[in-house]
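Sequence lines set the chain letters: A, B, ... in the order given, protein chains first and strands last, and positions in each chain run from 1.
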Amino acid sequence: MIKIELKGGVVKEFEENITPAEIAKSIGMGLYKSVCAALIDGKVCDLRTPITEDTKVQLLTFDDEEGKKAFWHTTSHILAQAVKRLFPSAKFAIGPAIDNGFYYDFDVDTPFSAEDIEKIEAEMKNIVKSGIELERFELEPKKAIELLESMEEPYKVELASEHADKGEPISFYKQAEFTDLCAGPHLMSVSPVKAIKLTNCTGAYWRGDSKNHQLCRVYGISFPKASMLEEYLVMQEEALKRDHNKLGRELELFTTVDYIGQGLPIMLPKGARIIQLLQRFVEDVEQKNGWQLTKTPFMAKSDLYKISGHWGHYQDGMFVLGDEEKDEEVYALRPMTCPFQYQVFLNRGRSYRDLPMRLNETSTLFRNEASGEMHGLIRVRQFTISEGHLMCTPDQLEGEFRHCLELAIYFLKTLGLYEDVSYRFSQWDPDDREKYIGTEEQWDEAQGVMKRILDNLEIPYKIGIGEAAFYGPKLDIQIKNVFGKEDTLITIQVDQMLAERFGMEYVDKDGTKKNPYIIHRTSIGCYERTLALLIEKYAGAFPMWLAPIQVKILPIADRHFEYAEKIKNALEEKGMRVEVDDRSEKIGYKIREAQLTKVPYMIVVGDKDIENNTVSVRERKEGDIGAMSLEDFIARAVEEIETKVIK
RNA sequence: GCUGGAGUAGCUCAGUCGGUAGAGCAGCUGAUUCGUAAUCAGCAGGUCGCGUGUUCAAGUCACGUCUUCAGCUCCA
């Protein structure tokens, strides 16, 4: 007998080799039916894992993150089984659970059509109805590879071969006629997968490498209850209504023009206003925090980029003007500000007394992104970033890094995005040396310094191998858009290579010359992308301090225009952005239109207001909040603007 | 760049088998002067993304190209 500690510290005795599935059954059939996986001594395990010693077991259901993953992973096997039945020649690659569902990659002659997907989904539902039990078995690596070869699954053979060296047995899962190489964990049977929806079918490269063959990836999601799927689909639909690319155009913040080109949005007056407000705010705060503004050129001769390494490592991403073969001088638009801002440091000899030197710039950059990569305002070819470079001594590095991070967090909090971000420590990939400059020792040192800083600051980060810049590791502050796709909003990077390349030195206290550490950082990221995320965050209803129009005055009849103008002037005197709707329309119509533009405040004025010397205020979310004196409204509005309150 | 969608009025969309393009909203004009989410009537609006081809005839078929959406790769 062994002792197993269950939920709530309850300890029960079981026969040796009992499995989590059997434990669940012993507690109740309801739990047995809903259990998806188990944590044994804190490790995620399959329900069929025999337990051999006293330990802690936590049973995971669909409500647990890892339970969901097992549920979705099993659904991906059902998908594969259905595909095998309908398209016997399909070859199978991988089919994991992801944050929001699952996918499976297939090698097929022609990608699945919408009709194919419908048929596959119908077959999946048949499989679920049949209630097939899943069986797990293990084979020695050699036998495993033989089996996969006999199944004519070249991708699976490749995967199994990589595991073979470890000498561990390789696990498979079998459900009726379908067997798949898989580490698990999985459900006991297909039955609990009551609601399935295949959501998308796209191309995806084998092993994520664009040099490899492109496979057909089918995405889907599943739930134990039909109502949960419905709820999910409604939520998705709601989320897509916030899509900045749609809303931003509807609210007349930006547009694009075919013959201008991809990734080159036109900021319309309202969008340009918001960006202007953000820029002024950022530049002012940076100035207060000891940053010195610079203005550097948008382009340079190729010579500059050869020193920085961009020419060798980033040329595909640059807009190059001229041809090295033919022209005496070749220029390129800048993809990054670094080598330009370094010239400020290099302007004269520097000593430790000049450090830290914090240089910021509202910097327009140009990157020749591949045509399929552009997306609304999130991924564009010309963008303006709150860029900055900070030169410091080794003992200033941690404090200055903290300063940069705190500044970024201050901006995130002010904009209301702080709760939505996650951190990624982006490191180099030692197996992909061509992508990076510097030696292994330099990378180890830079990453070691950065790790120490992050750990000291207790930043909860994920590690991203191969995500570093070509010159150094980064702390990327990540955010997801309405589609769940993650992008970098803010980045803070430690660089000890470019200073050497550019001959940047300072004279230290002891009279010796040293290369400074450089921190590359942005405080709020690039304005286009940040605006995109703000549109999605607020569904276009911006905090008042950022609203392009803050107050809309709605006179009830033409005879109230004069009073409306008077109020407008009073508000404008306080620096507010105000419009009067002086069309001969009914008040309901004017309110509807004002609401649709998401203006924070509407002021309705009519006979009563003139008589009582008041304004009738309507807030965009609360609705009519009644009549008040103009002074009271101004006090309320000014307070909201100055404190940058987010409603 | 790759895979798969899409492109018809400013916007949302309809357009059957290839037979000279249609609605709602927005716009303009007029009437209405109204108290918290759509007043009524009229008018105007289109080289069907662009190009080439097939055809007596192309929004519709074929090819090319541009833009755009999702995903992959890439990335602030």
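- Toward the 5′ end of RNA chain B lies the nearest nucleotide of Phe112(A), the other residue of the pair Phe112(A) and Glu486(A) mapping further downstream.
- Distance noted for atom P between A62(B) and C25(B): 36 Å (whole Å).
- Judged by distance alone with a 3.5 Å cut-off, a donor-acceptor contact links the side chain of Ser584(A) to the base of U33(B).
- Distances shown here put a side-chain N or O of Lys485(A) below 4.0 Å from the OP1 or OP2 atom of C72(B).
- The listed nucleotides are C75(B), A38(B), A70(B); the one nearest the side chain of Glu369(A) is C75(B).
- Distance His313(A) NE2 to C74(B) P: 17 Å, rounded to the nearest Å.
- Between Ser616(A) and the choices Val604(A), Ile603(A), Leu554(A), the side chain to side chain contact (heavy atoms under 4.5 Å, CB included) rule is met once, by Val604(A).
- A tilted orientation is assigned to the rings of Tyr538(A) and Phe542(A), their planes being inclined by 30° to 60°.
- Using atom C1' as the reference point in both A76(B) and U68(B), the two lie 22 Å apart (nearest Å).
- When each of Glu585(A) and Gly208(A) is assigned the nucleotide of RNA chain B bearing its nearest heavy atom, the one mapping closer to the 5' terminus is Glu585(A).
- One finds no side-chain N or O of Gln262(A) lying less than 4.0 angstrom from the OP1 or OP2 phosphate oxygen of C66(B).
- Counting non-hydrogen atoms of other residues, nucleotides and ligands closer than 6.0 Å to NZ of Lys197(A) gives a total of 12 or fewer.
- Leu215(A) comes within 4.0 angstrom of no nucleic acid atom, judged by non-hydrogen atoms across all strands.
- Both tests do not hold together for Lys156(A) against Phe92(A): distance to the six-membered ring centre under 6.0 Å, angle to the ring axis within 45°.
- Atom pair Met374(A):CE and U68(B):C1' shows a separation of 11 Å (rounding to whole Å applied).
- In this structure, the side-chain hydrogen bond (donor to acceptor under 3.5 Å, both in side chains) partners of Thr294(A), at least two apart in sequence or on a different chain, are Gln341(A), Glu361(A).
- Using atom C1' as the reference point in both C43(B) and A37(B), the two lie 27 Å apart (nearest Å).
- Using a 4.0 Å heavy-atom distance criterion, Gly376(A) is classed as a sugar-phosphate-only contact.
- Nearest to the side-chain atoms of Ile591(A) among the listed nucleotides U36(B), U73(B), G27(B) stands U36(B).
- Comparing the P positions of A70(B) and G64(B) gives a spacing of 25 Å, expressed to the nearest Å.
- The distance between atom NZ of Lys211(A) and atom P of G1(B), rounded to the nearest whole Å, is 17 Å.
- At least one cation-pi condition fails for Arg529(A) and Phe383(A): the charged atom is not both under 6.0 angstrom from the six-membered ring centre and inside a 45 degree cone around its axis.
- OP1 or OP2 of A76(B) lies within a sub-4.0 Å distance of a side-chain N or O belonging to Lys474(A).
- For U68(B), neither phosphate oxygen OP1 nor OP2 lies less than 4.0 angstrom from any side-chain nitrogen or oxygen of Arg249(A).
- Residue Asn200(A) places no side-chain atom within donor-acceptor reach of the base of G4(B), judged by atom type and a 3.5 Å distance cut-off alone.
- In this structure, a donor-acceptor pair under 3.5 Å is absent between the side chains of Glu286(A) and Ser386(A).
- Rounded to a whole Å, the CD1 atom of Ile117(A) is 13 Å from the C1' atom of U3(B).
- Ranking C34(B), C75(B), G1(B) by closeness to the Ala370(A) side chain, first place goes to G1(B).
- The base of A37(B) is paired with the side chain of Arg618(A) by a donor and an acceptor separated by under 3.5 Å.
- Residue contacts for Cys201(A): at a heavy-atom cut-off of 4.0 Å it reaches no nucleic acid atom on any strand shown.
- The side chain of Thr256(A) approaches U68(B) more closely than any other nucleotide in the set A76(B), U68(B), G35(B).
- His375(A) has a side-chain polar atom (N or O) that falls below the 4.0 Å cut-off from OP1 or OP2 of A70(B).
- Nucleic acid contact for Tyr205(A): base, since at least one base atom lies under 4.0 Å from a heavy atom of the residue.
- Atom P of U20(B) sits at a distance of 33 Å from the matching atom of G27(B), rounded to the whole Å.
- Only the P atoms considered, A44(B) is 15 Å distant from U29(B), to the nearest whole Å.
- Ala204(A) comes within contact range of the sugar-phosphate backbone alone, with a heavy-atom separation under 4.0 Å but no base atom that close.
- Spacing of C1' atoms, U16(B) relative to A58(B), comes out at 16 Å, to the nearest Å.
- Across all strands shown, nothing is found opposite C17(B) as a Watson-Crick or G-U wobble partner with both distances under 3.5 Å.
- Of the listed nucleotides (G71(B), A37(B), C74(B)), C74(B) has the atom at the smallest distance from the side chain of Glu373(A).
- Using a 4.0 Å cut-off, no side-chain N or O of Arg583(A) falls inside it from OP1 or OP2 of U32(B).
- Looking at heavy-atom distances under 4.0 Å, Val380(A) makes contact with a base.
- Taking the six-membered ring where the residue is Trp, His403(A) and Trp291(A) present parallel rings, their angle staying beneath 30° rather than reaching 60°.
- Enclosure of atom NZ in Lys480(A) is not indicated, since only 12 or fewer non-hydrogen atoms of other residues, nucleotides or ligands lie within 6.0 angstrom.
- Within the structure, every side-chain polar atom (N or O) of Tyr259(A) is placed at least 4.0 Å from both OP1 and OP2 of G49(B).
- For Asn245(A) and C69(B), the shortest distance from a side-chain N or O to OP1 or OP2 is below 4.0 Å.
- For Ser616(A) against G35(B), a side-chain N or O and a base N or O form a donor-acceptor pair under 3.5 Å.
- In this pair, Phe383(A) lays its aromatic ring flat on the base of A76(B), centres within 5.5 Å and planes under 30 degrees apart.
- Below 30°, between 30° and 60°, or above 60°: for Trp428(A) and Trp443(A) the angle between ring planes is below 30°, a parallel geometry.
- Relative ring orientation between Phe87(A) and Phe112(A) is described as tilted, the plane-to-plane angle lying within the 30° to 60° band.
- Applying the salt bridge (Lys or Arg N to Asp or Glu O under 4.0 Å) definition to pairs two or more places apart or across chains, those involving residues 551-565 of chain A are Lys552(A)-Glu579(A), Arg559(A)-Asp607(A).
- Protein atom CD1 of Ile490(A) is 10 Å distant from nucleotide atom C1' of A76(B), rounded to whole Å.
- Rounded to an integer number of Å, the gap from CG of Asp258(A) to P of U8(B) is 10 Å.
- The separation between His560(A) atom NE2 and U36(B) atom C1' is 14 Å, rounded to whole Å.
- Ser371(A) has a side-chain polar atom (N or O) that falls below the 4.0 Å cut-off from OP1 or OP2 of G1(B).
- Within 4.0 Å (heavy atoms only), Gly372(A) reaches at least one base atom of the nucleic acid.
- Contacts of Ser113(A) with the nucleic acid, taken as non-hydrogen atoms under 4.0 Å apart, are absent.
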Using nucleotides 41-47 of chain B, report all nitrogen or oxygen pairs with the protein that are shorter than 3.5 Å.
none

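- Lys590(A) comes within 4.0 angstrom of nothing in the nucleic acid, heavy atoms only.
- Nucleic acid contact class of Lys246(A) (heavy atoms, under 4.0 Å, all strands): none.
- Nucleotide C13(B) holds its P atom 10 Å from the CD atom of Glu250(A), rounded to whole Å.
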